[in-house]
Amino acid sequence: MSTTASDPLAALGSLPGVPDAVDSVRKAVDRVYGHRVMRRRSNEVTAEAALRGSRGSAALAGADWNLEEVRRRTDFSGEDEARTVGAALRLTAEAGQLLSIWRQSPLRVLARLHLVAAGGATPDDTVGRPRLAGEIVDEPLIEAPLPASEEVAGRLEGLSSLIIAGGSAPALVTAAVVHGELLALRPFGSHNGLVARTAERIVLIGSGLDPKSICPAEVGHAEQGRAAYVAAFEGYTAGTPEGMAAWITHCGRSIELGVRESTAVCEALQRGAA
């Protein structure tokens, strides 16, 4: 993050193009929440959004399975792709359980998310804690320079302080910064992308923008493609106003695409097609 304003996240909300993105996301979310299916069948929409969001996050981590394969499978052990999909599913299921802790101790939540993602597969003590100097990071897709462990510790503390302090920043801005900062830091030895996208989901739910978790940004990130995701993230790491605005608006577009997906689910349920 690169800003010196007294409320850094709120300051990012005034970057060119960001207010329009915030407004567009808010209107899109309001529309899907106003769908008649949400009155009686919101739990079904939430469950479907969780499945589709997990699939999208796994796709960005290199396991691009079709939705029906994710729905059908019960065993996610074995090959790397299956473990990645399993990790994404576990993280999505865990996200809603951590909201109250997130507001008080974001770092504790991040540690828990990494434990959940790893699923007990790693037998050493690197799981559930930020990496130490010299430890290797296995992270597909993201090839940005890796910050030193000392920098990671400091920036995680700064991010945690911003979250605990709260502020007036729109949910989109906070979610995008949390997502981008975790991708940039890659604080764990593995599963950083999955954890970052889950943290984005937690912010969107906990902020009240998407309290029923029916607007899976992960769907939109995957739909826009890995190349677009990386290009937008490079804007975040550049730290320029233009780069930060590009990343935030990319995240906003991802939420809108997630809304479109859930709107289609609502329409299918309304037709009786589930």
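FYI, side chains are in, hydrogens and waters are out, and symmetry mates aren't considered; it's all heavy atoms of this structure.
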Apply side chain to side chain contact (heavy atoms under 4.5 Å, CB included) to Arg73 and Trp65, showing your working.
CA-CA 11 Å; Arg73 285 284 286 265; Trp65 289 14; 3.3 Å; yes

Could you give me the CA-CA distance, side-chain angles and deciding distance for Arg155 and Glu150, then say whether salt bridge (charged side-chain N to carboxylate O under 4.0 Å, His left out) is met?
CA-CA 9 Å; Arg155 286 171 64 176; Glu150 295 83 2; over 6 Å; no

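- In this structure, CG on Leu156 lies 10.5 Å from OG on Ser161, to the nearest 0.5 angstrom.
- Not one N or O on the side chain of His114 forms a donor-acceptor pair closer than 3.5 Å with the backbone of Val109.
- Contact record, Gly220 with Leu257: CA-CB, 3.6 Å, taken as the closest heavy-atom pair.
- By the neighbour-count criterion of 12 heavy atoms within 6.0 Å, atom CZ of Arg108 is sparsely surrounded, having that number or fewer from other residues, nucleotides or ligands.
- Listed by first then second residue, pairs satisfying ring-ring contact (aromatic ring centres under 6.0 Å, His included) with a partner in residues 8-33 number zero, not counting sequence neighbours.
- The OG atom of Ser262 sits 13.0 Å away from atom NZ of Lys212, with the distance rounded to the nearest 0.5 Å.
- A salt bridge is defined here as a Lys NZ or Arg NE, NH1 or NH2 lying under 4.0 Å from an Asp or Glu carboxylate O, and Arg52 with Glu48 meets this definition.
- Separating the CG atom in Asn192 from the CG atom in Leu141 is a distance of 12.0 Å, to the nearest 0.5 Å.
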Test Val203 against Ile163 for side chain to side chain contact (heavy atoms under 4.5 Å, CB included), laying out the working first.
CA-CA 9 Å; Val203 173; Ile163 294 165; 5.8 Å; no

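- Note on ring orientation: taking the six-membered ring where Trp is involved, the planes of Tyr229 and His179 are tilted (angle from 30° to 60°).
- Annotation: the span from Arg55 atom CZ to Thr92 atom OG1 amounts to 12.0 Å, rounded to 0.5 Å.
- A side chain to side chain donor-acceptor pair (under 3.5 Å) with His221 is found for exactly one of Arg226, Glu200, Arg197, namely Glu200.
- The minimum heavy-atom distance linking Cys215 with Ile255 is given by the pair CB-CG2, 4.3 Å.
- Residues Ser54 and Glu218 have side chains that never bring a donor and an acceptor to within less than 3.5 angstrom of each other.
- Leu51 is not connected to Met38 by any chain of hydrophobic side-chain contacts under 4.5 Å among Ile, Leu, Val, Met, Phe, Trp and Tyr, and they are in different clusters.
- Arg260 contributes no side-chain N or O that, together with a main-chain N or O of Glu256, makes up a donor-acceptor pair within less than 3.5 Å.
- A donor-acceptor contact closer than 3.5 angstrom is absent between the side chains of Ser149 and Arg131.
- Looking only at distances, no side-chain donor or acceptor of Thr84 sits under 3.5 Å from a matching main-chain atom of Ala63.
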Would Val259 and Arg31 satisfy side chain to side chain contact (heavy atoms under 4.5 Å, CB included), going step by step from the backbone distance to the final call?
CA-CA 9 Å; Val259 167; Arg31 282 195 299 271; 5.9 Å; no

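- In this structure, Leu91 is a member of the same hydrophobic cluster as Ile101, with clusters built from ILVMFWY side-chain heavy atoms closer than 4.5 Å.
- Between the CG atom in Leu15 and the OG1 atom in Thr249 there is a gap of 10.0 Å [rounded to 0.5 Å].
- No hydrogens or angles considered: a donor-acceptor pair under 3.5 Å links the side chains of Ser213 and Arg201.
- You'll find the side chain of Gln270 stays beyond 4.5 Å of the side chain of Arg41, heavy atoms only.
- Side-chain N or O atoms of Thr46 include one that pairs as donor or acceptor with a backbone N or O of Ser42 at under 3.5 Å.
- Criterion: ILVMFWY side-chain heavy atoms under 4.5 Å apart, direct or through other members. Under it, Ile214 and Leu209 are part of a common hydrophobic cluster.
- Looking at every heavy atom in both residues, Leu172 comes nearest to Cys251 through CD1-C, 3.9 Å.
- Side chains of Arg71 and Glu68 form a contact here, defined as non-hydrogen atoms less than 4.5 Å apart.
- The shortest non-hydrogen separation linking Gln104 to Pro106 is C-CD, 3.9 Å.
- The heavy-atom pair separating Ala199 from Trp102 by the smallest distance is CB-CH2, 4.2 Å.
- The shortest side-chain heavy-atom distance between Val177 and Leu9 falls under the 4.5 Å cut-off.
- At a threshold of 4.5 Å between side-chain heavy atoms, the hydrophobic network of Ile, Leu, Val, Met, Phe, Trp and Tyr places Val219 and Val265 in two separate groups.
- Side-chain contact between Val137 and Ser190 is absent, with no heavy-atom pair separated by less than 4.5 Å.
- By the 4.5 Å heavy-atom criterion applied to side chains, Leu182 and Phe188 are not counted as neighbours.
- With a 6.0 Å radius and a threshold of 12 heavy atoms from other residues, nucleotides or ligands, Glu79 has its CD atom above the threshold.
- Here the CG-CG distance, from Leu159 to Leu107, works out to 8.0 Å after rounding to the nearest 0.5 Å.
- When all heavy atoms of Leu204 and Ala217 are compared, the pair lying nearest together is CD1-CB, 4.4 Å.
- Leu98 places a side-chain heavy atom less than 4.5 Å from the side chain of Glu94.
- Within the 4.5 Å cutoff, the side chain of Pro187 has no heavy atoms near those of the Leu110 side chain.
- Looking only at atom types and distance, the side chain of Glu139 has no donor-acceptor partner in the side chain of His191 under 3.5 Å away.
- Remark: Arg72 engages Glu69 in a salt bridge, criterion side-chain N to carboxylate O under 4.0 Å.
- Under the 4.5 Å side-chain heavy-atom criterion for Ile, Leu, Val, Met, Phe, Trp and Tyr, Leu113 and Leu89 are members of distinct hydrophobic clusters.
- Gln224 and Ser254 share a side-chain donor-acceptor pair at under 3.5 Å.
- Within the 4.5 Å cutoff, the side chain of Thr198 has no heavy atoms near those of the Ser57 side chain.
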Pair Val18, Ser14 - check side chain to side chain contact (heavy atoms under 4.5 Å, CB included), show working.
CA-CA 6 Å; Val18 173; Ser14 65; over 6 Å; no

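- Using a 4.0 Å cut-off between charged nitrogen and carboxylate oxygen, Arg186 and Glu181 do not count as a salt-bridge pair.
- Contact check on Arg83 versus Asp80 returns a salt bridge, with a Lys/Arg side-chain nitrogen under 4.0 Å from an Asp/Glu carboxylate oxygen.
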